[in-house]
Amino acid sequence: MVRDGLMALDSAVPGGRPGTAVVYTTGQGFQVSLKAPSAFSTSPGGAGPITFWTKYRIAGATTGSEIPGKMKTLLRAGANQLSVDLRAMTDHVVFGQGDYEAYVTLTCE
């Protein structure tokens with residue numbers, strides 16, 4: 001994630017890198033979705049309350065782009081490559097310099 005203005009960090013802006021995952025399905029009926037974190041697992045502190053958003057793209061057996069993380073997507077059988085972006089925003093406080101880490105939960109059911 002890189003800064004996007006003073007009060008946002010985003011993996012989708014220039015210089016950021018999305019997370020990746022491959023989901024292999026053996027049949028029909030499987031759905032994938034994301035759950036955004038509620039907090040950073042590692043941060044320099046002092047950012048105050050943070051709101052997280054996720055979105056993803058799928059390539060391979062299933063295709064789709066700019067899908068909101070909470071939206072379930074029905075997967076086709078085969079290899080499905082996901083590219084996951086995370087955005088973090090805070091109000092009235094600037095993200096300080098340092099290392100930030102957060103985990104997005106991918107669910108396939």
Side-chain angles (χ1 to χ4, degrees):
M1 297 174 72
V2 296
R3 286 178 77 162
D4 185 19
L6 296 176
M7 294 180 277
L9 298 174
D10 199 325
S11 64
V13 297
R17 291 187 330 215
T20 59
V22 178
V23 178
Y24 295 95
T25 55
T26 56
Q28 301 296 325
F30 292 99
Q31 297 180 55
V32 68
S33 62
L34 304 176
K35 180 180 179 198
S38 57
F40 285 110
S41 53
T42 302
S43 69
I50 299 172
T51 304
F52 292 92
W53 290 275
T54 58
K55 65 181 176 181
Y56 60 101
R57 293 174 296 287
I58 303 177
T62 307
T63 60
S65 63
E66 304 303 316
I67 303 166
K70 291 181 181 180
M71 178 180 268
K72 292 182 179 181
T73 300
L74 189 61
L75 299 176
R76 294 188 172 137
N80 299 277
Q81 297 93 20
L82 278 80
S83 179
V84 177
D85 283 307
L86 178 64
R87 182 172 178 83
M89 291 191 66
T90 184
D91 291 331
H92 311 297
V93 180
V94 174
F95 279 109
Q97 185 175 10
D99 293 329
Y100 292 84
E101 183 177 80
Y103 294 96
V104 173
T105 302
L106 183 148
T107 302
C108 180
E109 50 189 6

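Counting from 1, the numbers follow the sequence of the chain as shown.
- Under the 4.5 Å side-chain heavy-atom criterion for ILVMFWY residues, a single connected hydrophobic cluster contains both Val23 and Val104.
- Taking the side chain as every heavy atom from C-beta outward, Thr107 and Lys72 never approach each other to under 4.5 Å.
- The shortest non-hydrogen separation linking Phe95 to Ala88 is CE1-O, 3.7 Å.
- Nearest heavy-atom pair across Phe52 and Ala102 is CE2-CB, 4.4 Å.
- Note on Trp53 and Leu34: separate hydrophobic clusters, where clusters join Ile, Leu, Val, Met, Phe, Trp and Tyr whose side-chain heavy atoms are under 4.5 Å apart, directly or indirectly.
- By the rule that hydrophobic residues join a cluster once side-chain heavy atoms approach within less than 4.5 Å of another member, Ile50 and Val2 end up as members of separate clusters.
- Nearest heavy-atom pair, Phe40 versus Leu9, reported as atom, atom and distance to 0.1 Å: CZ-CD1, 3.9 Å.
- Residues Leu82 and Ile67 share a single hydrophobic cluster, defined by chaining ILVMFWY side chains whose heavy atoms lie under 4.5 Å apart.
- Closest approach of Tyr100 and Ser43 over heavy atoms only: CD2-CB, 3.6 Å.
- Rounded to the nearest 0.5 Å, atoms CG (Leu75) and CD (Gln28) are 9.5 Å apart.
- A 4.5 Å side-chain heavy-atom check between Arg17 and Ser11 finds every atom pair outside the cut-off.
- No single ILVMFWY cluster, assembled from side-chain heavy atoms under 4.5 Å apart, contains both Val13 and Val84.
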For this session: Might you work through the side-chain contact (heavy atoms from CB on, under 4.5 Å) test for Asn80 and Phe30, ending with a clear yes or no?
Result: CA-CA 11 Å; Asn80 299 277; Phe30 292 99; over 6 Å; no
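- Here the closest non-hydrogen pair linking Leu74 and Thr62 is O-CG2, 3.7 Å.
- Screening Thr54, Asp10, Thr51 for a side chain to side chain donor-acceptor pair (under 3.5 Å) with Arg87, the sole residue that qualifies is Asp10.
- A heavy-atom distance below 4.5 Å is not found between the side chains of Arg76 and Ile58.
- Listed here is the closest heavy atom pair of Leu106 and Ala21: CD1-CB, 4.0 Å.
- Going from atom CZ of Arg3 over to atom CD of Gln97 covers 8.5 Å, rounded to the nearest 0.5 Å.
- Looking only at side-chain heavy atoms (C-beta outward), Asp85 and Pro18 come within less than 4.5 Å of each other.
- Distance CG/Asp99 to OG1/Thr42: 8.0 Å, rounded to 0.5 Å.
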